[in-house]
Amino acid sequence: MAQFQSLPGFREFYPDALARRNHVFRGWRRAAHAYGFSEYDAPVLEPLDLYRAKSGDEIEAQLFSFTDKGGREVALRPEMTPTVCRLVGEKANALKRPIKWFSIGEFYRYERMQKGRGRCFFQLNADIFGEPGIEAETELIALLVECLRGFGLGAEDFYVRLSDRNLWFYYLETLGLDEARIGGILGAVDRYEKLGDDAFKDYATQFGPLDDGLKAKVLAFLGIKTLASLEATLSDITTEKLQARLGDWRRLLANLADMGLADFVSVDLGVVRGLAYYTGFVFEAFDRKGDLRALAGGGRYDTLVGKLGYNEMPAVGFGMGDMTFALLLEQRGLLPAVGPATEVYVVIGGAAERSAAFADIAGLRSAGYRVDYPLKEIAFGKQFKAAAESGAKLALIYGGDELAKGVVKLRDLTDRSEHEVPRAAVVEAVRDYFTSGRSA
RNA sequence: GCGGCCAUAGCUCAGUUGGUUAGAGCACAAGAUUGUGAUUCUUGGGGUCGCGGGUUCGAAUCCCGUUGGCCGCCCCA
């Protein structure tokens with residue numbers, strides 16, 4: 001049996017698996033380019049402190065980290081956000097705003113494997129730096145939708161839940177809570193969907209039991225699912241901050257509606273995201289059936305660039321992993337069959353015909369066609385079978401009869417029609433076939 | 001880090017109360033078929049039954065350990 005296994009949680013991509021992965025990457029790239037984002041890349045291995053600075057020491061347990069031969073503490077990147085913040089922070093003064101960047105890269109986390117989760121995975125990251133207003137959220141949520149919709153998924157398949165940590169913060173302030181307690185409440189809100197009332201246990205042990213009236217208000221706020229009910233809840237609270245924030249909500253939702261995305265976006269204040277660095281709007285994409293993990297998640301993080309030691313820079317971004325997404329596409333039957341690697345298959349009679357065939361194969365290949373042929377002499381019947389299985393639409397037949405006449409026989413593998421062309425005109429004939437879609 | 005289930009060919013699996021040389025289908029390869037893709041038939045390659053130890057005259061089968069996988073919890077950047 002196997003002497004060497006791949007490490008637990010790491011993936012190997014055989015050709016058909018890689019074809020599916022590339023299909024996903026192509027779709028993401030197409031969407032990001034269409035939205036005016038530029039692609040960048042960065043190191044896979046980073047100083048451990050880059051992640052400590054952001055999230056604290058306890059994160060280290062989930063990192064692939066080690067000491068390199070130079071005594072440096074390093075880690076495989078678990079996410080892109082700190083890295084892209086550094087890239088932007090380093091050249092902030094020279095970069096034209098808004099900065100719209102994306103990347104597709106592999107990330108590593110040392111944790112237990114589960115459905116839709118491994119120790120390495122690919123993720124699309126898209127971020128906008130330098131724009132403090134909801135215009136950045138508009139653009140990123142629209143891109144997020146496009147990254148899913150471009151594969152044939154519709155509003156019946158997935159939706160984006162939109163929430164706002166600022167709104168929560170301002171609202172709880174008006175209820176008389178201090179910053180520490182607000183943090184405790186947000187932690188409970190984050191887990192409420194999963195744990196129910198138990199979600200408030202941590203808060204109770206830290207600050208004492210939550211007042212029933214207060215808890216009712218938190219649960220009511222958490223259950224808000226429309227802009228109308230949000231407006232109703234806040235109608236009697238006239239704090240300037242809160243009303244201004246409500247204005248942001250109206251404009252953001254109006255923008256998204258103007259883009260035709262109303263069906264894809266739901267107000268849902270039950271989402272707050274656990275991550276410490278989010279500072280404003282947060283959003284997550286889920287499949288409608290709800291039996292998969294989050295497809296994507298993101299939000300505003302205006303303070304992170306500053307925390308890494310650079311000048312403050314407003315930022316919004318999201319990440320979207322390949323594993324859960326591939327599961328969804330598979331469930332909906334939207335993963336394409338592996339595309340043919342071959343366009344033209346050359347059938348060769350024998351040793352004498354081979355040299356003529358090789359010359360024309362070289363010509364076709366340099367003209368840009370994907371051409372394949374049997375490496376060894378095999379029976380014609382087998383060659384045609386191989387031609388069909390290669391996915392090629394066209395076969396070129398180099399047999400003794402043809403060469404004697406100075407022609408090549410073209411066989412349309414889809415309708416089995418054949419005709420002959422002079423050898424000198426082979427490249428031309430193949431080009432005609434693929435541009436007209438016919439062999440004649 | 002914790003718990004449950006599982007591990008036999010490339011894949012899906014069978015393998016009786018422990019008993020001769022561990023099987024099938026699919027896939028792969030060769031031939032029937034030396035100029036046309038199907039079907040069919042024949043044949044072949046491929047296994048230290050995840051690994052290590054124990055019980056036994058004898059272990060794929062029973063026991064222990066270990067590694068790996070799936071699922072749930074935790075976590076989710």
Side-chain angles (χ1 to χ4, degrees), chain A residues 1-12 14 16 46 50-56 58-65 75-85 105 107-119 121 123 125 127 187 190-191 194-195 198 202 272-278 282 284 291 293-299 301 304 317-321 323-324 345 347-353 374 376-404 409-418:
Chain A
M1 213 48 192
Q3 290 283 325
F4 300 102
Q5 300 181 317
S6 65
L7 289 167
F10 283 81
R11 296 184 289 167
E12 293 165 313
Y14 284 82
D16 53 347
E46 291 277 19
L50 182 63
Y51 305 108
R52 278 191 182 140
K54 199 196 75 181
S55 314
E58 72 280 3
I59 283 301
E60 209 176 322
Q62 289 170 2
L63 289 172
F64 272 97
S65 61
L76 288 167
R77 61 186 180 191
E79 59 164 334
M80 192 54 115
T81 308
T83 300
V84 70
C85 284
F107 300 89
Y108 308 86
R109 299 177 190 177
Y110 196 91
E111 54 188 341
R112 185 70 75 202
M113 292 181 53
Q114 275 174 50
K115 189 179 183 183
R117 163 153 294 188
R119 285 184 175 179
F121 54 92
Q123 198 175 64
N125 277 264
D127 297 88
D190 188 33
R191 295 159 186 234
K194 223 181 205 173
L195 301 181
D198 285 352
D202 281 359
V272 294
R273 291 185 67 73
L275 256 177
Y277 59 64
Y278 287 115
V282 290
E284 295 184 334
D291 50 17
R293 292 164 185 281
L295 290 161
Y301 50 100
L304 186 54
F318 73 85
M320 180 166 163
M323 293 182 74
T324 302
Y345 196 93
V347 173
I348 303 170
E353 292 81 19
K376 290 180 181 166
E377 272 189 51
I378 54 176
F380 265 64
K382 295 241 184 271
Q383 295 195 53
F384 283 105
K385 193 177 177 189
E389 286 169 354
S390 77
K393 288 196 163 51
L394 189 64
L396 302 185
I397 301 164
Y398 287 77
D401 300 345
E402 285 81 6
L403 282 201
K409 191 181 278 178
L410 271 66
R411 179 179 175 85
D412 185 329
L413 291 167
T414 57
D415 66 10
R416 305 188 177 199
S417 63
E418 295 182 340

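Because the structure is a prediction, the values reported are computed rather than measured. Protein chains get the first letters and strands the later ones, always in sequence-line order, with residue 1 at the start of each.
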*Atom CG of A/Asp202 to atom C1' of B/C74: distance rounded to whole Å?*
12 Å
*Rounded to whole angstrom, note down the P distance from B/G10 over to B/G47.*
7 Å
_Any base atoms under 4.0 Å from A/Arg77, or only sugar-phosphate, or nothing? Heavy atoms, all strands._
nothing
*What distance separates A/Leu304 CG from A/Tyr278 OH, expressed to the nearest 0.5 Å?*
10.0 Å
*What is the base-pairing partner of B/C51, counting Watson-Crick and G-U wobble geometry with both distances under 3.5 Å?*
B/G65
_Approximate separation, where rounding is to 0.5 Å, of A/Phe121 CZ and A/Met323 CE_ = 9.0 Å
*Quick one: salt bridge (Lys or Arg N to Asp or Glu O under 4.0 Å) partners of A/Glu353, sequence neighbours excluded?*
none
*Using a 4.5 Å cut-off on heavy atoms from C-beta on, say whether the side chain of A/Leu413 contacts that of A/Leu394.*
no
*In whole angstrom, give me the gap between the C1' atoms of B/U33 and B/C41.*
12 Å
*Euclidean distance, atom CZ of residue A/Phe121 to atom P of B/C76 [Å, nearest integer]*: 14 Å
_Pair partner, B/A14 [Watson-Crick or wobble, under 3.5 Å]_ = none
*Roughly, in whole Å, what's the span from CD in A/Gln123 to C1' in B/C76?*
11 Å
*Atom CE of A/Met323 to atom C1' of B/C76: distance rounded to whole Å?*
14 Å
*Whole-angstrom distance between B/C28 and B/C11, as gauged at atom P*: 15 Å
*Can you tell me, in whole Å, how much space there is between the P of B/U34 and that of B/C26?*
25 Å
_Rounded distance in Å - CG (A/Asp16) to P (B/A27)_ = 16 Å
*Identify the heavy atoms of A/Leu403 and A/Ala352 that sit nearest to each other, and give their distance.*
CD1-O, 4.4 Å
*Nearest-Å distance, CD (A/Glu111) to C1' (B/C75)?*
7 Å
*Looking only at atom C1', what distance separates B/A14 and B/C75, rounded to whole Å?*
40 Å
*Tell me which of A/Leu7 and A/Arg191 sits closer to the 5' end of RNA chain B, going by the nucleotide each one is nearest to.*
A/Leu7
Do any N or O atoms of the protein come closer than 3.5 Å to N or O atoms of nucleotides 31-35 of chain B, and which pairs are they?
residue: B/G35; atom: O6; partner: A/Gly400; partner atom: N; Å: 3.0
residue: B/G35; atom: O6; partner: A/Asp401; partner atom: N; Å: 2.9
residue: B/G35; atom: O6; partner: A/Glu402; partner atom: OE1; Å: 3.2
residue: B/G35; atom: N1; partner: A/Glu402; partner atom: OE1; Å: 2.8
residue: B/G35; atom: N1; partner: A/Glu402; partner atom: OE2; Å: 3.0
residue: B/G35; atom: N2; partner: A/Glu402; partner atom: OE2; Å: 2.6
residue: B/G35; atom: N2; partner: A/Lys409; partner atom: NZ; Å: 3.3

_Please give the distance between the P atoms of B/U55 and B/U61 as a whole number of Å._
15 Å
*In plain terms, say whether A/Arg77 and A/Glu46 are close enough for a salt bridge, that is, a side-chain N and a carboxylate O under 4.0 Å apart.*
no
_Is there a side chain to side chain contact (heavy atoms under 4.5 Å, CB included) between A/Met80 and A/Asp127? Walk through the geometry before answering._
CA-CA 10 Å; A/Met80 192 54 115; A/Asp127 297 88; 5.9 Å; no
*Can you see which heavy atom on A/Ser390 is nearest to which on A/Ala387, and at what distance?*
OG-O, 2.7 Å
*What does B/G1 pair with, Watson-Crick or G-U, if both distances are under 3.5 Å?*
B/C73
_Nearest-neighbour nucleotide for the A/Leu413 side chain, B/G68, B/G37, B/A77 considered_ = B/G37
*First locate atom CD of A/Glu111, then atom CD of A/Gln62, and finally report the distance between them rounded to the nearest 0.5 Å.*
5.5 Å
*Given the C1' atoms of B/G18 and B/A59, what is the spacing between them in whole Å?*
6 Å
*Paired with B/A38: which nucleotide, if any, by Watson-Crick or G-U wobble criteria at under 3.5 Å for both distances?*
none
*asked:* Distance check needed: B/A77 C1' versus A/Asp190 CG, whole Å only.
replied: 13 Å
Show me the protein contacts with nucleotides 70-72 of chain B, counting only N or O atoms at under 3.5 Å.
residue: B/C71; atom: OP2; partner: A/Lys115; partner atom: N; Å: 2.9

*Integer angstrom distance from the P of B/A29 to that of B/U21*: 33 Å
*Is A/Arg119 close enough and on-axis enough to A/Tyr108, meaning under 6.0 Å and within 45°, for cation-pi?*
no
*With rounding to the nearest 0.5 Å, note down the distance linking CD1 in A/Ile348 to CZ in A/Phe380.*
9.5 Å
*asked:* Using a 4.0 Å heavy-atom cut-off, does A/Gly9 contact any base of the nucleic acid, only the sugar-phosphate backbone, or nothing at all?
replied: sugar-phosphate
